[in-house]
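Just so it is clear, the values below take in all heavy atoms, side chains as well, and ignore hydrogens, waters and symmetry mates.
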Amino acid sequence: MTRLSTLARRLTVTLATLLAVTAAPATAQAKTATDKAPKDFVALRTVDPTIIQEMRYFTPHNFVGERIDGYRQPLCILTRPAAEALHKAQLRLLRQGYSLKVYDCYRPQRAVDHFVRWAEDLDDQTMKDEFYPNVDKTRLFLDGYIAEKSGHSRGSTMDLTIVRLPAKPTRPYLPGEPLVPCYAPKTERFPDNSVDMGTGFDCFDTLSHTLDPRIQGEQRANRLLLKSTLETLGFVNLAEEWWHYTYKPELYPDTYFDFPVSSKSLTTHW
């Protein structure tokens, strides 16, 4: 790549970042002065210890390729109403032989900032072959895959899937191992003990759109099982990501917190 083309790509990302900042809601508030969560944030395990947790951003198996800032423990933290609603969903799925599995829950603003820094570094393509094989990194802001703010930082949004019971163990990712596109057949992409949703988690591709018409059969049925179970309990799906749900109404619809993902951040430790 020529130096001129590299400069052009960097200017594109810079412009996209500025547009994202300009488009942020005027009412948004950032909480950065404290490492303590409000008392109505809880560890999901204290509400439902049966929900499987595979906290991807505590590990290097994510689109950045390293542990993300702010994840001090592999712990799902949510506002209590969101956690209690998730517990109700779990009870329904357990009766059908399934369990929920969460990949991410509350996400501190410092983690979102880490994503932004990574997206602006166009030379870092470490995990491209798995997580965004068909997306040029200069498009991550413009296409909405990366943003300056995330609903996860408000505490009522989570990324999750369904696992058929009994749950099989999932082997750890080994940094540097060969990567397979996230939309490859389930038997070929990185192993996950979840049901087949048509793509892996955090797959930057239009195939991840919940109702993409190319996803049919068992894969579509699995997505609809997750969607119907959660929506009847007050969760709202992000149409572009089959794994992304927000419990409504949110306790903190305009506040983006920055306390670390750690039991020490919570009023009640576990």
How about Cys76 and Arg45: do any of their side-chain heavy atoms sit closer than 4.5 Å?
no
Counting distance only, does the side-chain N/O of Thr232 pair as donor-acceptor with the main-chain N or O of Ser228 below 3.5 Å?
yes
Contact summary for Leu75 and Ser263, nearest pair of heavy atoms
CD2-N, 3.5 Å
Between Asp205 and Tyr145, is there a side-chain donor-acceptor contact under 3.5 Å, judged purely by atom types and distance?
no
How far apart are the closest heavy atoms of Val261 and Pro108, and which atoms are they?
CG2-CD, 3.6 Å
Are Tyr252 and Phe257 an aromatic pair, judged by ring center distance below 6.0 Å?
yes
Report yes if the side chains of Ile215 and Trp242 come closer than 4.5 Å at any heavy-atom pair, otherwise no.
no
A side-chain contact here means heavy atoms from C-beta on lying under 4.5 Å apart; do Val112 and Ser153 qualify?
yes
Please say yes or no: joined through hydrophobic side-chain contacts below 4.5 Å, possibly via intermediate residues, are Leu238 and Met197 part of one cluster?
no
State plainly whether one hydrophobic cluster holds both Phe235 and Phe201, where clusters connect Ile, Leu, Val, Met, Phe, Trp and Tyr through side-chain heavy atoms under 4.5 angstrom apart.
yes
Donor + acceptor pair across side chains of Glu241, Ser208 (<3.5 Å)
no
Could you measure the distance from the CZ atom of Phe115 to the CD atom of Glu120? Nearest 0.5 Å is fine.
14.0 Å
Validation row, ring centre Phe259 to ring centre Phe41 under 6.0 Å:
yes
Would you please classify the geometry between the Phe131 ring and the Phe63 ring as parallel, tilted or perpendicular, with 30° and 60° separating the classes?
perpendicular
Are Arg189 and Thr199 close enough that a side-chain donor and a side-chain acceptor fall under 3.5 Å?
no
So, do Thr210 and Lys227 sit near enough that their side-chain heavy atoms are less than 4.5 Å apart?
yes
Looking at every non-hydrogen atom in both residues, tell me the closest pair between Leu179 and Met127 and how far apart they are.
CD1-CA, 3.8 Å
Check against side chain to side chain contact (heavy atoms under 4.5 Å, CB included), Phe190 and Arg171:
CA-CA 9 Å; Phe190 188 86; Arg171 73 166 177 84; 3.5 Å; yes
Roughly how far, to the nearest 0.5 Å, is the CZ atom of Arg220 from the CG atom of Leu225?
13.5 Å
Euclidean distance, Ile146 CD1 relative to Leu142 CG, rounded to 0.5 Å
12.0 Å
Please name the pair of heavy atoms, one in Asp35 and one in Ser265, separated by the smallest distance, quoted to 0.1 Å.
O-OG, 3.4 Å
State whether Lys248 and Glu250 are salt-bridged, where the test is any N-O pair (Lys NZ or Arg NE/NH1/NH2 against Asp/Glu carboxylate O) under 4.0 Å.
yes
Pairing of Asp159 and Arg107 as salt bridge, 4.0 angstrom limit:
yes
Give a yes or no on whether a salt bridge exists between Arg223 and Asp196, defined as a side-chain N under 4.0 angstrom from a carboxylate O.
no
Lys/Arg N to Asp/Glu carboxylate O, Asp69 vs Arg117, below 4.0 Å:
yes
Would you please test Tyr103 and Thr161 for side chain to side chain contact (heavy atoms under 4.5 Å, CB included) and show each step?
CA-CA 8 Å; Tyr103 293 114; Thr161 188; 3.4 Å; yes
Could you walk me through whether Thr79 and Asp40 pass the side chain to side chain contact (heavy atoms under 4.5 Å, CB included) check?
CA-CA 6 Å; Thr79 55; Asp40 37 24; 5.5 Å; no
Between Tyr57 and Met55, is there a shared hydrophobic cluster once you connect ILVMFWY residues whose side-chain heavy atoms come closer than 4.5 Å?
yes
Check: Val47 and Val42 side chains under 4.5 Å, non-hydrogen atoms
yes
In this structure, CG of Leu100 is separated from OG1 of Thr229 (nearest 0.5 Å) by 8.0 Å
With heavy-atom distances below 4.5 Å as the criterion, would you say the side chains of Thr170 and Glu54 are in contact?
yes
Is the shortest distance from a Lys or Arg side-chain nitrogen in Asp258 or Arg110 to a carboxylate oxygen in the other one below 4.0 Å?
yes
Side chains of Gln90 and Ser99: do they bring a donor and an acceptor to under 3.5 Å?
yes
Among Lys186, Arg164, Lys168, Arg56, which one satisfies salt bridge (Lys or Arg N to Asp or Glu O under 4.0 Å) with Asp192?
Arg56
How close do Ala85 and Leu233 get, counting heavy atoms only, and between which atoms?
O-CD1, 3.8 Å
Run the salt bridge (charged side-chain N to carboxylate O under 4.0 Å, His left out) test on Glu84 and Arg80 for me, step by step, so that the C-alpha distance in whole Å, both residues' side-chain angles and the decisive distance to 0.1 Å come before the verdict.
CA-CA 6 Å; Glu84 291 176 346; Arg80 182 172 290 280; 3.8 Å; yes
Residue pair Leu44, Ile77: steps toward the side chain to side chain contact (heavy atoms under 4.5 Å, CB included) verdict:
CA-CA 6 Å; Leu44 177 61; Ile77 295 175; over 6 Å; no
Other residues, nucleotides and ligands only: do more than 12 of their heavy atoms fall within 6.0 Å of CD on Glu218?
no
Same apolar cluster: Leu78 and Phe58, side chain cutoff 4.5 Å:
yes
State, without any angle test, whether Thr246 and Arg154 hold a side-chain donor-acceptor pair at a distance under 3.5 Å.
no
Taking the six-membered ring for Trp, is the centroid-to-centroid distance between Tyr106 and Tyr71 below 6.0 Å?
no
Would you confirm whether Glu177, through its side chain, and Leu174, through its main-chain N or O, come within 3.5 Å as a donor-acceptor pair?
yes
Distance, nearest 0.5 Å, that separates OG of Ser150 from CG of Asp104:
8.0 Å
Testing the basics here: between Ser156 and Met158, what is the closest heavy-atom pair and its distance to 0.1 Å?
O-CE, 3.6 Å
Taking C-beta and beyond as the side chain, do His244 and Thr157 meet within less than 4.5 Å on heavy atoms?
yes
Taking Lys137 for the side chain and Asp123 for the main chain, is one N or O donor matched with an acceptor at less than 3.5 Å?
no
Transitively linked via ILVMFWY side-chain contacts under 4.5 Å: Leu207 with Ile162?
no
Check: Trp118 ring centroid to Tyr132 ring centroid under 6.0 Å:
yes
Over-ring placement of Lys149 relative to Tyr256, 6.0 Å and 45° cut-offs
yes
Checking the side chain of Asn62 only, and the main-chain atoms of Glu66 only, is there a donor and an acceptor separated by less than 3.5 Å?
yes
Does the side chain of Leu226 reach to within under 4.5 Å of the side chain of Tyr245, using non-hydrogen atoms?
yes
Separation between OG1 (Thr59) and OH (Tyr173), nearest 0.5 Å, reads 9.0 Å
